[in-house]
Amino acid sequence: MADNSATQRITALVRKIPRGRVATYGQIAALADRPRNSRQVGSVLKSLPADSHVPWHRVVNSHGRISGRNNSTSEGLQRCLLESEGVQLNDAGRIDLAAFQWKPRQR
DNA sequence: GTTATGACCCAAA
DNA sequence: GTTTGGGCCATAA
């Protein structure tokens, strides 16, 4: 890809997340070669156009918590989408990263 | 060019 | 468990 923009890189990575699997912001940032840029991942996803085809709902924070910073974005929607794809949440409303975190190396 | 904001992360209280 | 402060970098204005 000719675009070196972080947005393009992030979107490309998120797009690579398989169904039924989730990735953390820190992970995406690290894969994007920007380990400290986790914030941008969120900002980018928030600003993503609907045509990007990016499963932003598969992106959660390091604790497996739903993002959206609260219910403003679509906390319930994200959870619904994840469950619809096979990702189960525990009683605390968090994702079991030990079982559902995406591992690009292992695929 | 600068300023302000941010779907984060980490550490400390 | 929550709240506060600091840091990093990119986007938008």
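This one's a predicted model, so the numbers in the text were calculated from it and none came from an experiment. Chain identifiers are assigned alphabetically (A, B, ...) following the order of the sequence lines, protein sequences preceding nucleic acid strands; residue numbering begins at 1 within each chain.
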What is the distance, to the nearest angstrom, from the [atom1] atom on [X] to the [atom2] atom on [N]?
| X | N | atom1 | atom2 | value |
| --- | --- | --- | --- | --- |
| A:Leu48 | B:dG6 | CG | P | 17 Å |
| A:Tyr25 | C:dG7 | OH | P | 24 Å |
| A:Arg9 | C:dT11 | CZ | P | 10 Å |
| A:Lys46 | B:dT5 | NZ | P | 12 Å |
| A:Ile28 | C:dC8 | CD1 | P | 22 Å |
| A:Leu45 | B:dT5 | CG | P | 22 Å |
| A:Asn37 | C:dA10 | CG | P | 5 Å |
| A:Ile10 | B:dA7 | CD1 | C1' | 12 Å |

For DNA chain C, whose closest nucleotide is more 5', that of A:Gln40 or that of A:Arg94? A:Arg94
If you assign A:Ala92 and A:Ser47 each to the DNA chain C nucleotide with the nearest heavy atom, which residue ends up on the more 5' nucleotide? A:Ala92
Looking at A:Arg21 and A:Glu85, is there a salt bridge between them, counting it only when a charged N and a carboxylate O are closer than 4.0 Å? no
Please check this pair: side chain of A:Gln40 against backbone of A:Ile10, looking for a donor-acceptor N/O pair closer than 3.5 Å. no
Report yes or no: is there a donor-acceptor pair, N or O only, under 3.5 Å between the side chain of A:Arg39 and the base of B:dC8? yes
With respect to the phosphate group of B:dC9, does any side-chain polar atom (N or O) of A:Ser62 fall under 4.0 Å of OP1 or OP2? yes
Within the structure, does a side-chain N or O atom of A:Thr7 lie under 4.0 Å from either OP1 or OP2 of C:dA10? no
Distance from A:Thr11 atom OG1 to A:Leu45 atom CG, nearest 0.5 Å? 8.5 Å
Which residue, A:His63 or A:His57, contacts DNA chain B at a nucleotide closer to its 5' end, judged by nearest heavy atom? A:His57
Atom of A:Gln78, atom of A:Val59 and distance for their closest heavy-atom approach: NE2-O, 3.3 Å
Over all atoms of both residues, closest heavy-atom pair of A:Tyr25 and A:Val41: CD2-CG1, 3.4 Å
